[in-house]
Amino acid sequence: MPMHQFKLLSLLLLSLVTLCYHSTACHVTDREALLTFKDGITSDPFGILSSWNRTGDCCTNWAGISCNPATGRVTSLNIPAMTDAIDAYLEGTLSPALDMLSHLSVLRIVGLKKISGPIPPSLGSLTQLTDIALSANNFSGSIPSSLWGLKNLKRLLLSSNNLSGYLPEDIGMLRGLVYLDLSNNQITGTIPQSIGNLTSLSVLDLIQNNFSGNIPVSISSMTSLRFLRLSKNHLNGVLPESIGSLLKLETISLFDNSITGNIPSSIGHLSMLREIYLSDNQLTGKIPSTIGNSTKLLTIDLSSNNLSGPIPQELTQLHDLQTLDLAFNPLQIHTPPAWLGNLGVFRLSLAGTGITGPLPEWLQLAKSITILDLSSNSISGMIPNWIGSITGLEYLNLAHNALQSTIPTEFKNLVNLMELDLSRNNLSGPLRAVLEKGNSGLFGGFKTLNLSYNSFTGGIPEDIGAMEELSGIEMFDFSYNPLGGTIPKSMKNLNSLKEVRMASDGLSGEIPIGLLDIAVMTEFDVSSNQLTGRIPKHSRPLPADGFKGNPGLCGEPLPPCKQN
């Protein structure tokens, strides 16, 4: 190789070595700032910051740190990402010394649970910040006003802390903000009108705070908004008609507020809308027919309002609809329209909507339904034989109606059914007709079963503990039925049982040994029966109220048995 080429190659290699050396050298100012932050951590039982030491280079050896390779200045502080432990945490405070990280663009300290104290106002001096994520910690106090001056900020995520105070008008200065999540805090006051200045905002999440007042009319200016989440606050006033100008909206979540007035017809302009949650408000008037224009809708939840009927037939235009929940509105629909059976929804809830007469026959054609809630109506007559044709059902609630019949044998065809509530009707016959429902193998075993306040007879089957359909049951309620008989010994084999309710069932005999030792059991109620004998010893505390009203029972938690 000619000498000049050799010298050129040597110079190139030297340059690369020099560059590599500089790319791994952490700036001394940033190193000291990070070590000062670590000094503010009083407990690190999972070793999240164990790699942060003076012998290693913070740019290459410290977990969660990224640097500019040319300058060695820290650009990203991202912890945790170093452990898979669900309960991993750091205990301590957020050091104001982080303001020395003058080149920092990403600050992410998420899910550490016990990082507490205030968010340092000095963070507002880090003018290159684009991302602040401090969610799922234990920060308290107000959001520092200095943050509103961070012109480069794109994402501000402070959810799931204990932050208080209010949002000032200055929030409107963050005109480049794309994602704002302050959910699950204790922020009070009104949502400032200046929020409308955030015209680049895609996500606004203020769920579960203490906001009050009206939804700002200025929200109509936020034309980039895709997700509007204001649920679980104390908002009142009306839903602005101008919401129809937010043409990119995919989700409207305003449930559990005190919003009044009508659902604006302009909602039909939102062609990108996929989810609408307006439950638990004070909305009145009719469901706008224009809602059928939002043809991408997957979920409509308008439950627990004061909406009136009819249900608009334009819903048939929503070919992708999966959930329709209109429960607990005074719709007074009496007979639900048959076209509901053609919607193809998975979840249909018309509880408390004024349905009368027999179960609608079109239900037997609604093969897509997996969750059906028709409770708290005035449905009467028999449970029809065709109930067994809705084979996709996983959840069925017909409680608080006026049904009066035995359980048809076709009920066994509901092989996917896991949760059933038939309480507060006048159903009769043996329990076995329900308990021997078939199952589909992996799915279809009962998880919860409520048959209380009916007229079932014939006792509890002796082999209940061996029934495959009940092998994973967690709750059953047979209370207030004239069942009679004894408590089967096999019931102790239902080792997933958490809640057992058999009050006022006319039961006699003794409580089987071992039944009260089911490890996960938290409630056991056999009150007001004719049970006798000593209550079996049990390791878990059970309230005395669950045993009262049985004159022949004695022993812990009731008074001691008399010695013979």
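Since the structure is predicted, the reported quantities are computational estimates derived from the model, not experimental observations.
You'll find the side chain of R229 reaches within 4.5 Å of the side chain of V203, heavy atoms only. Contact annotation: the side chain of N236 never approaches that of I259 to less than 4.5 Å [non-hydrogen atoms, C-beta and beyond]. Contact annotation: the side chain of P536 never approaches that of L515 to less than 4.5 Å [non-hydrogen atoms, C-beta and beyond]. Between I300 and L318, the closest side-chain pair of non-hydrogen atoms falls below 4.5 Å. Side chains of V345 and Q322 form no contact here, defined as non-hydrogen atoms less than 4.5 Å apart. Residues N425 and Q404 are not in side-chain contact: their nearest non-hydrogen atoms beyond the backbone lie 4.5 Å or more apart. In this structure the side chain of Y395 never reaches within 4.5 angstrom of the side chain of K447, judged on heavy atoms. At least one side-chain heavy atom of L302 sits under 4.5 Å from a side-chain heavy atom of L307.
Checking side-chain atoms of N529 against main-chain N and O of S527 turns up a donor-acceptor pair under 3.5 Å. A distance-only check finds no donor-acceptor pair linking the side chain of N329 to the backbone of S308 [under 3.5 Å]. Checked by atom type and distance alone, the side chain of T370 pairs as donor or acceptor with a backbone atom of F346 at under 3.5 Å. Looking only at distances, a side-chain donor or acceptor of N281 sits under 3.5 Å from a matching main-chain atom of S279. Listed for the R540 side chain is a donor-acceptor partner under 3.5 Å among the backbone atoms of M521. A donor-acceptor pair under 3.5 Å is absent between the side-chain atoms of S160 and the main chain of A136, judged by distance alone. Judged purely by atom type and a 3.5 angstrom limit, N306 has no side-chain atom pairing as donor or acceptor with the backbone of P330. A donor-acceptor distance shorter than 3.5 angstrom exists from the side chain of S294 to the backbone of L270, with no hydrogens or angles considered. When atom types are taken as modelled, the side chain of S490 and the backbone of E462 share a donor-acceptor pair closer than 3.5 angstrom. The backbone N or O of S303 lies less than 3.5 Å from no partner atom in the side chain of D325, so there is not a single donor-acceptor pair.
Distance CG/L235 to OG1/T190: 9.5 Å, rounded to 0.5 Å. In this structure, CG in L340 is found 9.5 Å from CD in Q313, a value given to the nearest 0.5 Å. Interatomic distance, I187 CD1 to L158 CG, rounded to the nearest 0.5 Å: 7.5 Å. To the nearest 0.5 Å, the span separating CG on L451 from CG on L420 amounts to 6.0 Å. Residue E510 holds its CD atom at 9.5 Å from CG of L531, rounded to the nearest 0.5 Å. Between atom OG1 of residue T391 and atom CG of residue L417 there is a gap of 11.5 Å, rounded to the nearest 0.5 Å.
When every heavy atom of I407 is checked against every heavy atom of I383, the shortest pair comes out as CD1-CD1, 4.0 Å. Shown here for N137 and K113, the closest heavy-atom pair between the two residues is OD1-N, 3.5 Å. When every heavy atom of L414 is checked against every heavy atom of K437, the shortest pair comes out as O-CD, 3.0 Å. Nearest heavy atoms, N305 versus L278: ND2-O, 3.0 Å. Shortest non-hydrogen contact noted between S265 and P288 is CA-CB, 4.2 Å. Here the closest non-hydrogen pair linking F211 and N233 is N-OD1, 3.1 Å.
A side-chain donor from one of S231 and S253 sits under 3.5 Å from a side-chain acceptor of the other. Under the 3.5 Å distance criterion, with hydrogens and angles disregarded, no donor-acceptor pair is assigned to the side chains of S428 and S455. No side-chain donor from either of T299 and E275 sits under 3.5 Å from a side-chain acceptor of the other. Judged purely by distance below 3.5 Å, without hydrogens or angles, the side chains of D181 and Y179 never pair a donor atom with an acceptor atom.
Residue L365 qualifies as enclosed at atom CG: its count of foreign heavy atoms under 6.0 Å is above 12.
The pair K498-E523 does not count as a salt bridge, with every side-chain nitrogen at least 4.0 angstrom from each carboxylate oxygen. A salt bridge is defined here as a Lys NZ or Arg NE, NH1 or NH2 lying under 4.0 Å from an Asp or Glu carboxylate O, and D463 with R432 meets this definition. Checked for salt-bridge contact, E250 and K248 miss the test: no charged N lies under 4.0 Å from a carboxylate O.
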- [ ] Kindly indicate, with the supporting measurements, whether the criterion side-chain hydrogen bond (donor to acceptor under 3.5 Å, both in side chains) is fulfilled by S159 and S135.
- [x] CA-CA 5 Å; S159 62; S135 300; 3.0 Å; yes

- [ ] Test L435 against L449 for side chain to side chain contact (heavy atoms under 4.5 Å, CB included), laying out the working first.
- [x] CA-CA 9 Å; L435 302 183; L449 177 58; 3.4 Å; yes

TODO: Walk me through it: do I267 and I276 pass the test side chain to side chain contact (heavy atoms under 4.5 Å, CB included)?
DONE: CA-CA 10 Å; I267 204 165; I276 179 167; 3.0 Å; yes

Open item on the list: side chain to side chain contact (heavy atoms under 4.5 Å, CB included), that's the test. Do L403 and L422 meet it? Break it down for me.
Closed with: CA-CA 9 Å; L403 293 166; L422 299 176; 5.5 Å; no

TODO: Could you give me the CA-CA distance, side-chain angles and deciding distance for I460 and L483, then say whether side chain to side chain contact (heavy atoms under 4.5 Å, CB included) is met?
DONE: CA-CA 7 Å; I460 301 171; L483 288 172; 4.1 Å; yes

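Among the candidates L331, T335, N401, N377, the single residue satisfying the side chain to side chain contact (heavy atoms under 4.5 Å, CB included) test with I355 is N377.
Taking the six-membered ring where the residue is Trp, F255 and Y277 present perpendicular rings, their angle passing 60° and hence far from 30°.
A ring-centre distance under 6.0 Å is found for F547 and F524.
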